[in-house]
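Here's the structure, in structure tokens; my notes come after.
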Amino acid sequence: MRQSSPDHGLPPLPDPATPTPRRLHMITWGCQMNVYDSARMADVLAPLGYAPTPSPDEADMVILNTCHIRDRAAEKVFSELGRLRGLKAGRAAAGQRMILAVAGCVAQAEGAEILARAPFVDIVLGPQTYHRLPEMVARVARAGGAVIDTSFPAEQKFDFLPEAAAPQTAGGLTAFLTVQEGCDKFCSFCVVPYTRGAEASRPAASVLAEARRLVGSGAREITLLGQNVNAYHGDAPDGGTWGLGRLIRELAEIGGLARIRYTTSHPRDMDAELIEAHAKVPALMPFLHLPVQSGSDRILSAMNRRHTVADYLALIDQLRAARPDLALSSDFIVGHPGETAADFEATLDLVRRVGFAQAFSFKYSPRPGTPAAGAGGQVAEAEKDARLQALQALLRAQQAAFNESCTGRDLPVLFTGPGRHPGQIAGRSPYLQPVHLAGPATLIGRIAPVHITAAHTNSLTGTMHTAPMPEERACA
Ligand code: 5AD
Ligand code: SF4
């Protein structure tokens, strides 16, 4: 940790034993892991008296939790900081303090550059040091300087973060749980190995304990998170190491936990035990996000993906053999350096062969410091645009067809809250589709069969099914 010296003239922090109530505003960009990390940062700051506030206007501390994976992430952060600067100055003029922190992957990647361009920022912290946040806040308060901590500390943040205070989403019924962080794959285009560091797994006992607590406070669905979640290899209570398949089997034993999901996976780490879990664990939902990125072996090799198209297709066959109703999602990049029209056609071909229930697709955008950024054969922007449009049209049609295929079926729905209109409730199908229907609020928190009557672009509508249906097992 290193400090610079500008005097921010801050009054001292309260004694943590008797914390003064303080307001914490967080702005979170990016993936579910960032959402989870923001919740953990709120947890570590709670003992200092910080409670969440929806607006930055009255906040005593604002944290920008940033994402660097695509697009002009740094510019978005600096423009938000520009807005907050005025707010902070206004507070200072009124004799009040506002601590401004930049966290996440942009903080990791830009480090001191953030303080150089925005000297009014108090704290810059990378994703591996959230457990040290209270100490950083104390240092800022004591010394009045700025703190940068973008190290990859030897100690695991998992061992130091407090347990999740409460399930994070949908009224606490669905929760995220980080089990793994970082990545050792070094795909040519990706910043994650640089910003999140080496692959590390959380001990299984700690995952199970957090899962039990989440279920105890009402969660019915848990999504296991990790940048490369199926590379999970956590220390096990029996002294060995568990992979994700084994971890999922153990989690499925927790009474009251009805649904388990995991994201994001790499095809190379899909081992036999995990595939078997899809066959044997009914609580493991039949929906898998398995990024492939490209359908051309030449580009997959240039991307350093370490799998071929044939590997991916064989894996899909194995997964579908294990769980015939498995629906698939994926990530695609168009216009990676060296991608020709024929390579792109091969991607369309792969999409046609697999058939995706939904997918994310992006134009390649160079990330400084990654191998692809400096590679020859960069694809013209107009060409990337055209390819993205063609790919998205195909993926949209597949998503519409998948949603349409759900009509007339009875799907178990986890009801998570009220619907848009009075008398309506909303929930999620096993395939993560939002489902809306007329029904009593008393069903919220329960899983019940819904007869699907109509499909829309991103959601389904249905009617309450009256016949009894065994929980989760009747999904066609
Ligand atoms: N350009 C475009 N898309 C990217 N992704 C990651 N890095 C880049 C990049 N430089 C996409 C990948 C990944 C998803 C999370 O973001 O498809 O799977
Ligand atoms: Fe990035 Fe995923 Fe590749 Fe890891 S496996 S480098 S997180 S795209």
Side-chain angles (χ1 to χ4, degrees), residues 29-37 66-76 104-106 108-109 127-128 178-201 225-233 244 262-271 288-296 299-307 311-312 315 328-339 344 347 350-351 356 358-375 377-381 383-385 387-388 391-392 395:
W29 285 279
C31 64
Q32 285 153 335
M33 291 203 55
N34 265 16
V35 174
Y36 181 88
D37 281 343
T66 62
C67 172
H68 198 240
I69 200 142
R70 292 180 298 273
D71 304 330
R72 291 175 298 281
E75 278 83 287
K76 282 187 217 158
C105 294
V106 172
Q108 187 68 41
Q128 299 311 321
T178 294
V179 301
Q180 178 283 335
E181 272 214 81
C183 183
D184 296 335
K185 290 284 187 292
F186 290 92
C187 297
S188 61
F189 50 83
C190 184
V191 284
V192 166
Y194 310 96
T195 56
R196 292 276 176 163
E199 201 278 316
S201 295
L225 296 180
Q227 265 95 28
N228 188 4
V229 72
N230 60 342
Y232 180 80
H233 59 281
L244 192 65
Y262 61 95
T263 197
T264 289
S265 294
H266 190 287
R268 274 285 289 252
D269 293 316
M270 214 71 207
D271 65 12
L288 177 62
H289 182 66
L290 191 60
V292 63
Q293 313 295 357
S294 168
S296 153
I299 295 301
L300 287 173
S301 164
M303 286 176 163
N304 192 32
R305 290 288 292 176
R306 304 184 228 182
H307 64 80
D311 295 334
Y312 188 81
L315 190 54
L328 288 152
S329 160
S330 200
D331 288 342
F332 296 89
I333 296 179
V334 300
H336 182 275
E339 187 187 76
F344 176 63
T347 297
L350 177 137
V351 172
F356 291 94
Q358 73 109 61
F360 301 97
S361 46
F362 313 101
K363 282 191 289 183
Y364 168 71
S365 88
R367 304 286 80 203
T370 58
Q378 299 286 331
V379 177
E381 209 54 31
E383 188 56 41
K384 287 191 219 172
D385 281 331
R387 290 180 192 174
L388 188 67
L391 176 60
Q392 291 189 338
L395 291 168

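Reckoned from all heavy atoms, side chains included, excluding hydrogens, waters and symmetry mates. Ligands are counted one by one from 1 in listed order, and the atoms in each one are counted from 1 as well.
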Rounded to the nearest 0.5 angstrom, the CD1-CD1 distance for Ile299 and Ile333 is 11.0 Å
For Leu290 and Tyr312, which heavy atoms make the closest approach, and how far apart are they? O-OH, 2.7 Å
Distance col, row Tyr36:OH vs Leu225:CG, nearest 0.5 angstrom, shows 8.0 Å
Is Cys183 close enough to atom 4 (Fe) of ligand 2 to have an N, O or S atom under 2.8 Å? yes
Does only the side chain of Phe189 get under 4.0 Å from ligand 1, or the backbone, or both, or neither? Count heavy atoms. both
Looking only at non-hydrogen atoms, which of Gln293, His336, His289 approaches atom 12 (C) of ligand 1 most closely? Gln293
What protein heavy atom sits nearest atom 9 (C) of ligand 1, and how far away is it? Ser365 O, 3.5 Å
Run the contact test for Arg196 against ligand 2 with a 4.0 Å cut-off on heavy atoms, strictly below, and give the result. no
Between the side chains of Ser188 and His336, does any donor sit under 3.5 Å from an acceptor? yes
Considering only non-hydrogen protein atoms, determine which one is nearest to atom 6 (S) of ligand 2 and report residue, atom name and distance to 0.1 Å. Cys187 N, 3.3 Å
Are any N, O or S atoms from Cys190 nearer to atom 1 (Fe) of ligand 2 than 2.8 Å? yes
Name the closest protein heavy atom to atom 2 (C) of ligand 1, giving the residue it belongs to and the distance to 0.1 Å. Lys363 O, 3.3 Å
Can you check which of Thr264, Ile69, Val192, Asp331 brings a heavy atom nearest to atom 8 (C) of ligand 1? Ile69
Decide yes or no for Glu383 and Glu339: does some side-chain heavy atom of the first lie under 4.5 Å from some side-chain heavy atom of the second? no
Going through the checks in order, is the salt bridge (Lys or Arg N to Asp or Glu O under 4.0 Å) test met by Asp37 and Arg196? CA-CA 12 Å; Asp37 281 343; Arg196 292 276 176 163; 2.8 Å; yes
Please report the interatomic distance SG(Cys187) to NE2(His266), rounded to the nearest 0.5 Å. 4.5 Å
Geometry only, no angles: is Phe332 polar-contacting ligand 1 at N/O separations under 3.5 Å? no
Among non-hydrogen protein atoms, atom 16 (O) of ligand 1 lies closest to Arg70 NH1, 2.4 Å
Least distance between heavy atoms, Leu244 atom then Val229 atom: CD2-O, 3.9 Å
